[in-house]
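Read through the structure below, which is laid out as structure tokens, and then see the notes.
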Amino acid sequence: MMDDGKDRMELLPADSLRGMRLGISASDSPDLARLGLLDTHFRMTLGEITRTVVIAEGSIYYGGHLQSNGITNFLIEELQRYGRRDRPLKVCLAWTVHRSMSADEIKEQKEYLGLFGEIHFLDPDGLLLDRHPNEPVKPKFSEEEHAASLSGLRTYMTSNTEARIVIGGKKTGFQGAMPGIVEEVLFSIENRQPLYLAGGFGGATLDVIRALRPDFAEWFPQIKGGNELDARLTDGLNHLVEIVKAEGWDGYENGLNDEENCLLAASYRPSEIAALVGKGLGRLSGDLEAAP
């Protein structure tokens, strides 16, 4: 599963993604064990996507948290390997996330990011703040406050990126009216933002693919008689289908043809997923020939 970079560099010329902002929607998938995969494979894929975008001079927007074992720190470590020091990583923090952190914690993370990234602090509605509010930490937020601030974060991410890669995603234990992955896809479709749905790691991403393009998800059959899906997930997927019908657009207008999108829906190989995302982005930017 190692990647020598050959395919990626053939697909994306240097600086071909300059000015392109890619949003990353990613969280742990409950299907990894069933697929015979590890969290290492998941993170390797995020690393390859990061390298593909950064080497081609694009930037990455990720909305999450700043815990030491989280995806944000993993992305920073990847950037430290590739030498881009113009802060290509934009870490977007929802109001309830950064308001739960002390000033010292914020300072430490800014120092850790250094020249590799910057933090975007958002207000409860998802609007960008000039700086982190230097106020005492708020110890607890209600579920409604969490859900609202996360929706604001997703709105901000959608408005400030040209495309979105979606991978993994919780199907239970999430906050809000629907899983974050589903809401992020919903926002992208409402804004006609190209999507790269990488379903090889299962999770809510594969449920989205199954709702939008059932044929692309046939490789991973659902378990008969298994645990019922969270009603909020099924409701969210049904709403997503309704929005797609109303918009007449499902996010697959992403520079890839049906065969390539079908491959992206099933692949678990980091190099292959990154190459497909890079190919689609390159076509959108005009630096690669349009999909046949």
Side-chain angles (χ1 to χ4, degrees), residues 1-27 39-66 68-93 109-120 156-168 184 188 193-198 201 254-256 264 267 269-288:
M1 296 186 66
M2 297 302 290
D3 174 28
D4 61 8
K6 181 179 179 182
D7 291 339
R8 183 187 59 257
M9 296 309 294
E10 288 178 350
L11 291 170
L12 277 183
D15 79 11
S16 61
L17 298 184
R18 181 176 295 169
M20 178 76 75
R21 301 168 298 177
L22 177 68
I24 291 184
S25 296
S27 64
D39 183 61
T40 301
H41 302 131
F42 182 78
R43 295 202 174 205
M44 284 175 64
T45 300
L46 293 178
E48 286 299 320
I49 293 168
T50 299
R51 177 161 59 169
T52 297
V53 173
V54 168
I55 286 178
E57 297 195 19
S59 58
I60 289 175
Y61 279 63
Y62 175 68
H65 57 71
L66 297 174
S68 59
N69 62 343
I71 290 176
T72 301
N73 280 27
F74 173 77
L75 294 175
I76 295 170
E77 291 171 0
E78 289 298 301
L79 288 171
Q80 290 172 345
R81 297 171 55 190
Y82 308 131
R84 280 275 305 273
R85 296 178 180 274
D86 57 345
R87 296 188 170 90
L89 175 63
K90 317 300 181 184
V91 181
C92 306
L93 297 184
Q109 288 299 321
K110 282 185 174 181
E111 291 175 350
Y112 183 54
L113 273 165
L115 297 176
F116 300 102
E118 60 189 24
I119 302 174
H120 291 192
Y156 178 81
M157 290 272 293
T158 305
S159 300
N160 287 276
T161 53
E162 280 74 47
R164 187 192 296 270
I165 171 75
V166 185
I167 180 170
E184 287 158 4
S188 288
Q193 182 183 66
L195 290 166
Y196 299 95
L197 298 170
F201 295 93
N254 58 7
L256 301 178
L264 182 62
S267 180
R269 296 180 59 231
S271 59
E272 189 168 60
I273 293 170
L276 286 166
V277 173
K279 181 185 288 187
L281 290 172
R283 287 170 177 166
L284 291 179
S285 71
D287 280 292
L288 293 177

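Smallest separation of non-hydrogen atoms from Ala26 and Leu46: CB-CD2, 4.0 Å. Counting all heavy atoms, side chain and backbone alike, Gly19 lies closest to Glu162 at O-OE1, 3.6 Å. What you find for Leu281 and Met20 is that their closest heavy atoms are O-CE, 3.9 Å. Closest approach of Arg87 to Gly114, counting heavy atoms only: NE-O, 3.1 Å. The two residues Lys110 and Ile119 have their closest heavy-atom pair at CG-CD1, 4.0 Å.
In this view, Glu118 and Lys90 satisfy the salt bridge (Lys or Arg N to Asp or Glu O under 4.0 Å) rule, not counting sequence neighbours. The side chain to side chain donor-acceptor pair (under 3.5 Å) search around Ser285 returns Asp287, not counting sequence neighbours. In this view, Ala56 and Leu12, Ser16, Leu17 satisfy the side chain to side chain contact (heavy atoms under 4.5 Å, CB included) rule, not counting sequence neighbours. Scanning for side chain to side chain donor-acceptor pair (under 3.5 Å) contacts around Thr158 gives Arg164, with sequence neighbours left out. Residues forming a side chain to side chain contact (heavy atoms under 4.5 Å, CB included) with Glu57 (at least two apart in sequence, or on another chain): Asp15, Arg18, Arg84. Partners of Tyr196 according to the side chain to side chain donor-acceptor pair (under 3.5 Å) rule, which considers only residues two or more places apart in sequence or in another chain, do not exist here. Thr161 meets the side chain to side chain contact (heavy atoms under 4.5 Å, CB included) test with Arg21, Tyr61, Gln193; sequence neighbours excluded.
With rounding to the nearest 0.5 angstrom, the OG1 atom of Thr50 is 4.0 Å from the CD1 atom of Ile60. Here the CZ-OH distance, from Phe74 to Tyr62, works out to 11.5 Å after rounding to the nearest 0.5 Å. A distance of 4.5 Å separates CD1 of Ile273 from OG1 of Thr45, quoted to the nearest 0.5 Å. Between atom CD of residue Gln80 and atom CD1 of residue Ile76 there is a gap of 7.0 Å, rounded to the nearest 0.5 Å. Note that CD1 of Ile24 and CD1 of Ile71 are 8.5 Å apart. Values are rounded to the nearest 0.5 Å.
Remark: the backbone N or O of His65 is paired with a side-chain donor or acceptor of Thr72 at under 3.5 angstrom. A donor-acceptor pair under 3.5 Å links the side-chain atoms of Asn254 to the main chain of Leu195, judged by distance alone. A donor-acceptor contact shorter than 3.5 Å is absent between the side chain of Arg51 and the backbone of Ala274.
The shortest side-chain heavy-atom distance between His120 and Leu93 does not fall under the 4.5 Å cut-off. Looking at heavy atoms from C-beta onward, Leu79 lies in side-chain contact with Pro88 at the 4.5 angstrom threshold. Proximity of Pro194 to Leu284: side-chain heavy atoms (C-beta onward) are separated by under 4.5 Å at one or more points. Inter-residue side-chain proximity for Gln109 and Leu113 is flagged as unmet; no heavy-atom pair is nearer than 4.5 Å. A 4.5 Å side-chain heavy-atom check between Phe116 and Glu78 finds every atom pair outside the cut-off. Counting heavy atoms from C-beta on, the side chains of Ile165 and Ile49 come closer than 4.5 Å.
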Q: Show your reasoning for whether side-chain hydrogen bond (donor to acceptor under 3.5 Å, both in side chains) applies to Ser267 and Glu272.
A: CA-CA 7 Å; Ser267 180; Glu272 189 168 60; 2.6 Å; yes
